[in-house]
Colleague: 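Take this structure first; my questions come after.
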Amino acid sequence: MATTGSASVCLNQHSVLIPTQLKGVSLTSRISVPTRFYSNGFTSRIRASSAVAVEQELKTPAQDATEAELFACPICYEPLIRKGPSGFNVPAIYRSGFKCRKCNKSYSSKDIYLDLTVTSGTKQYNEVKPARSELFRSPVVSFLYERGWRQAFNRSGFPGPDEEFKMAQEYFKVAEGGVLVDVSCGSGLFSRKFATSGAYSRVVALDFSENMLRQCYNFIKNDESIISSNLALVRADVSRLPFFSGSIDAVHAGAALHCWPSPSNAIAEINRILRSGGVFVGTTFLRVNPSAPTIIRALEQSATRTYSYFTKEEIEDLVTSCGLINYTSKVQGSFIMFSAQKC
């Protein structure tokens, strides 16, 4: 295994991220969480607020800063007005309706997940994504994902879900108590682990595949400890995330980067929704021969059009060019786990 890292200093009005250099294979080096200083002399750790800036006249006595909604309209990023039972869990959200207060578009959770895609509610229009995205919308692939498909990743160096979860949790220590979004969650393999860990105030299992989200529901529907936990199932496009800018503490993307239609757009979106000091952790497959000449890499890419595989250098370049800092990675075979922070 090998670990690489780069450090940056981020100076905001009220926060400083201390430079760090990660060497060896240790995952214990962490960045101090920014602190907000108040005029009364007290300090508080900055957490991504889940509060929606709802106009005063739209508020009800039951709506306060802790109960306000997390979701934003994927079209205009304005707050969604919720009608239905309170609470942030699968049954409560399933029985609720959501409407954008600006563009007036409605969003429903009639299929056990909340559909927050731009195309939600369309009747005639159908948008087809690239093959690497459409593959995972298949009922067969969704059913097989945790029943043999994911286990085959071990041959490429993936250490297995339990170890991957532990590794991610090390990076997410600074986000404990905050909101975590598991993008491209698939059948919710890691979403369930994050939800039951008790480390986060809210967990969003988010995927573009309707059938993956249905599989996630099938795994949790008879488990009261998960179904009633602070977990939401959301259908959304990773390139158009339905959250306010600077509202999320942690984003996880397990074995996902190579499947995204535009990794650069996706990571730019992740940067947008992360709060200052928020953490992004992802895993993916590396190209087998990262040192191959450019023309050979182009031929490799042409031969594997279904997915987009990158070298570790390309991933670091992509993540940092999207504005994230303190990049670090851990490599084992073709497996890479990488992490970075929002300035």
Colleague: Tell me, do Leu231 and Ile226 make a side-chain contact under 4.5 Å, heavy atoms counted?
Modeller: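 Sidechains of Ile226 and Leu231: in contact.
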Colleague: Determine the sole option in Ser308, Ser239, Ser184 for which the side-chain hydrogen bond (donor to acceptor under 3.5 Å, both in side chains) test with Trp260 is passed.
Modeller: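 When side-chain hydrogen bond (donor to acceptor under 3.5 Å, both in side chains) is applied between Trp260 and each of Ser308, Ser239, Ser184, only Ser184 qualifies.
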Colleague: Between CZ of Phe335 and CZ of Phe285, what distance do you get to the nearest 0.5 Å?
Modeller: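 Reported to 0.5 Å precision, the distance equals 10.0 Å.
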Colleague: Under the side chain to side chain contact (heavy atoms under 4.5 Å, CB included) rule, what do Phe98 and Cys73 come out as? Steps first, then yes or no, please.
Modeller: CA-CA 9 Å; Phe98 296 81; Cys73 174; over 6 Å; no
Colleague: So, for Phe88 and Ala232, which heavy atoms are closest and what is the spacing to 0.1 Å?
Modeller: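 Phe88 and Ala232 have their closest heavy atoms at CZ-CB, 3.6 Å.
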Colleague: Could you check whether any side-chain N or O of Thr283 sits under 3.5 Å from a backbone N or O of Met337, counting only pairs where one atom can act as donor and the other as acceptor?
Modeller: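 Checked: no pair found.
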Colleague: Test of understanding: with ring pair (Phe, Tyr, Trp, His ring centres under 6.0 Å), list the residues that count as partners of Tyr113, not counting sequence neighbours.
Modeller: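 With neighbours one apart ignored, the set is empty.
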Colleague: Answer yes or no: is there a donor N or O on one side and an acceptor on the other, between the side chain of Ser120 and the main chain of Tyr107, under 3.5 Å?
Modeller: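 No.
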Colleague: Please determine whether a side-chain nitrogen of the Lys or Arg among Arg150 and Glu164 lies less than 4.0 Å from a carboxylate oxygen of the Asp or Glu.
Modeller: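 Looking at Arg150 and Glu164, the cut-off is met.
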Colleague: Fit a plane to each ring of Phe338 and Tyr327, take the angle between them on a 0 to 90° scale, and name the class: parallel (under 30°), tilted (30 to 60°) or perpendicular (over 60°).
Modeller: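 Parallel: the ring planes of Phe338 and Tyr327 meet at under 30°.
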Colleague: How long is the straight-line distance from CD1 of Ile336 back to OG of Ser156, given to the nearest 0.5 Å?
Modeller: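 Taking OG in Ser156 and CD1 in Ile336, the distance rounds to 13.5 Å.
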Colleague: Using only atom types and a distance under 3.5 Å, with no angle test, would you say the side chain of Lys342 pairs donor to acceptor with the backbone of Asn271?
Modeller: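 Yes, Lys342 side chain to Asn271 backbone: donor-acceptor pair under 3.5 Å.
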Colleague: Does a donor on one side chain sit under 3.5 Å from an acceptor on the other, for Ser187 and Glu146?
Modeller: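 The answer is yes; a qualifying pair exists.
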Colleague: Looking at every non-hydrogen atom in both residues, tell me the closest pair between Gly188 and Cys216 and how far apart they are.
Modeller: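 Looks like CA-SG, 3.8 Å.
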Colleague: Distance from Ser229 atom OG to Arg192 atom CZ, nearest 0.5 Å?
Modeller: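 Here the interatomic distance stands at 11.5 Å.
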Colleague: Taking a hydrophobic cluster as the set of Ile, Leu, Val, Met, Phe, Trp and Tyr residues connected by side-chain heavy atoms closer than 4.5 Å, whether directly or through intermediates, do Leu241 and Tyr77 fall within one such cluster?
Modeller: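 As far as the 4.5 Å side-chain criterion goes, Tyr77 and Leu241 are not connected within one cluster.
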Colleague: Do Phe243 and Val204 pass the side chain to side chain contact (heavy atoms under 4.5 Å, CB included) test, and can you show the C-alpha distance, the side-chain angles, and the key distance before you say yes or no?
Modeller: CA-CA 11 Å; Phe243 306 102; Val204 178; 4.1 Å; yes
Colleague: Determine whether Phe310 and Thr284 make a side-chain contact, defined as any pair of heavy atoms from C-beta on separated by less than 4.5 Å.
Modeller: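 No, too far: nothing below the 4.5 Å cut-off.
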Colleague: Does Asp207 use its side chain to pair, donor to acceptor, with the backbone of Gly186 at less than 3.5 Å?
Modeller: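 Indeed, once roles are kept as given, a pair shorter than 3.5 Å links the two residues.
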Colleague: Which of these passes side chain to side chain contact (heavy atoms under 4.5 Å, CB included) with Gln341: Val174, Leu274, Leu324?
Modeller: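 That would be Val174.
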Colleague: Look up atom CD1 in Ile93 and atom CG in Leu70, then write down how far apart they are to the nearest 0.5 Å.
Modeller: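 If we round to the nearest 0.5 Å, Ile93:CD1 and Leu70:CG are 8.5 Å apart.
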Colleague: Sequence neighbours excluded, which residues qualify as ring pair (Phe, Tyr, Trp, His ring centres under 6.0 Å) partners of Phe190?
Modeller: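 Residues passing ring pair (Phe, Tyr, Trp, His ring centres under 6.0 Å) with Phe190: His252.
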Colleague: For residues Ser339 and Asn326, determine if any side-chain heavy atom of one lies less than 4.5 Å from a side-chain heavy atom of the other.
Modeller: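 Of all side-chain heavy-atom pairs linking Asn326 with Ser339, none is under 4.5 Å.
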Colleague: My understanding is that only residues two or more places apart in sequence, or in another chain, count here; which of them pass side chain to side chain contact (heavy atoms under 4.5 Å, CB included) with Tyr94?
Modeller: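 For Tyr94, the residues satisfying side chain to side chain contact (heavy atoms under 4.5 Å, CB included) (neighbours in sequence not counted) are Ser109, Ile112.
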Colleague: Ring-plane angle category for Tyr309 and His258, please: parallel below 30°, perpendicular beyond 60°, tilted otherwise.
Modeller: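 Rings of Tyr309 and His258: parallel, under 30°.
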Colleague: For the backbone of Glu313 and the side chain of Glu316, can you confirm whether one donor and one acceptor N or O come within less than 3.5 Å of each other?
Modeller: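 No; judged by distance alone, with no hydrogens or angles, the pair does not exist.
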Colleague: Could you verify whether a donor N or O on one side chain and an acceptor N or O on the other, from Thr117 and Asp115, lie under 3.5 Å apart?
Modeller: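 Yes, side-chain donor-acceptor contact under 3.5 Å.
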Colleague: Using ring pair (Phe, Tyr, Trp, His ring centres under 6.0 Å) as the criterion, list what pairs up with Phe165, not counting sequence neighbours.
Modeller: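 Scan of Phe165 (ring pair (Phe, Tyr, Trp, His ring centres under 6.0 Å), adjacent residues dropped) gives Phe194.
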Colleague: Are Glu210 and Arg137 close enough for a salt bridge, meaning some N to O gap below 4.0 Å?
Modeller: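 Salt bridge between Glu210 and Arg137, a charged N being under 4.0 Å from a carboxylate O: yes.
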Colleague: Nearest heavy-atom pair of Val183 and Ala253: which atoms, and what distance?
Modeller: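 Result for this residue pair: CG2-CB, 3.6 Å.
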Colleague: Could you check if a side-chain atom of Leu257 sits within less than 4.5 angstrom of a side-chain atom of Ile267, using non-hydrogen atoms only?
Modeller: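 Side-chain contact under 4.5 Å: yes.
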Colleague: Any chance you could lay out the side chain to side chain contact (heavy atoms under 4.5 Å, CB included) test for Cys322 and Leu318, step after step, and finish with the verdict?
Modeller: CA-CA 6 Å; Cys322 287; Leu318 171 62; 4.2 Å; yes
Colleague: Looking at side-chain heavy atoms only, is the closest gap between Arg214 and Asn211 below 4.5 Å?
Modeller: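 Arg214 vs Asn211: side chains touch.
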Colleague: Could you give me the CA-CA distance, side-chain angles and deciding distance for Asp237 and Thr119, then say whether side chain to side chain contact (heavy atoms under 4.5 Å, CB included) is met?
Modeller: CA-CA 10 Å; Asp237 189 333; Thr119 56; over 6 Å; no
Colleague: Grab the two heavy atoms, one from Pro159 and one from Met167, that are nearest each other, plus how far apart they are.
Modeller: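 Answer, listing the atom of Pro159 first, then Met167: CG-SD, 4.1 Å.
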Colleague: Between Leu116 and Ile75, is there shared hydrophobic-cluster membership here, with clusters defined by ILVMFWY side-chain heavy atoms closer than 4.5 Å?
Modeller: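 The answer is yes; both residues are in one hydrophobic cluster.
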Colleague: Rounded at 0.5 Å granularity, tell me how far OG in Ser201 sits from CG in Asp249.
Modeller: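 The CG atom of Asp249 is 6.5 Å from OG of Ser201, to the nearest 0.5 Å.
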Colleague: Kindly give the heavy-atom pair with the smallest separation between Arg240 and Pro74, and that separation in Å.
Modeller: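 Scanning both residues, the minimum pair turns out to be NE-O, 2.6 Å.
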Colleague: Closer than 3.5 angstrom, by distance alone: can the side chain of Glu314 be matched with the main-chain N or O of Thr311 as a donor-acceptor pair?
Modeller: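 At least one qualifying donor-acceptor pair exists.
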Colleague: CZ of Arg235 to CE of Met212: how many Å apart, nearest 0.5 Å?
Modeller: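 Between Arg235 CZ and Met212 CE, I get 13.0 Å after rounding to 0.5 Å.
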Colleague: Who pairs with Arg147 by side chain to side chain contact (heavy atoms under 4.5 Å, CB included), at least two apart in sequence or on another chain?
Modeller: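 Phe143, Gln215, Phe219.
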Colleague: For Arg95 versus Pro85, what's the shortest heavy-atom pair and its separation?
Modeller: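 Shortest heavy-atom separation between Arg95 and Pro85 comes out as O-CD, 3.6 Å.
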Colleague: Report the residues that fulfil ring pair (Phe, Tyr, Trp, His ring centres under 6.0 Å) with Phe208, sequence neighbours left out, ordered by chain and then residue number.
Modeller: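 Partners of Phe208 by the ring pair (Phe, Tyr, Trp, His ring centres under 6.0 Å) criterion come out as none, since no residue qualifies.
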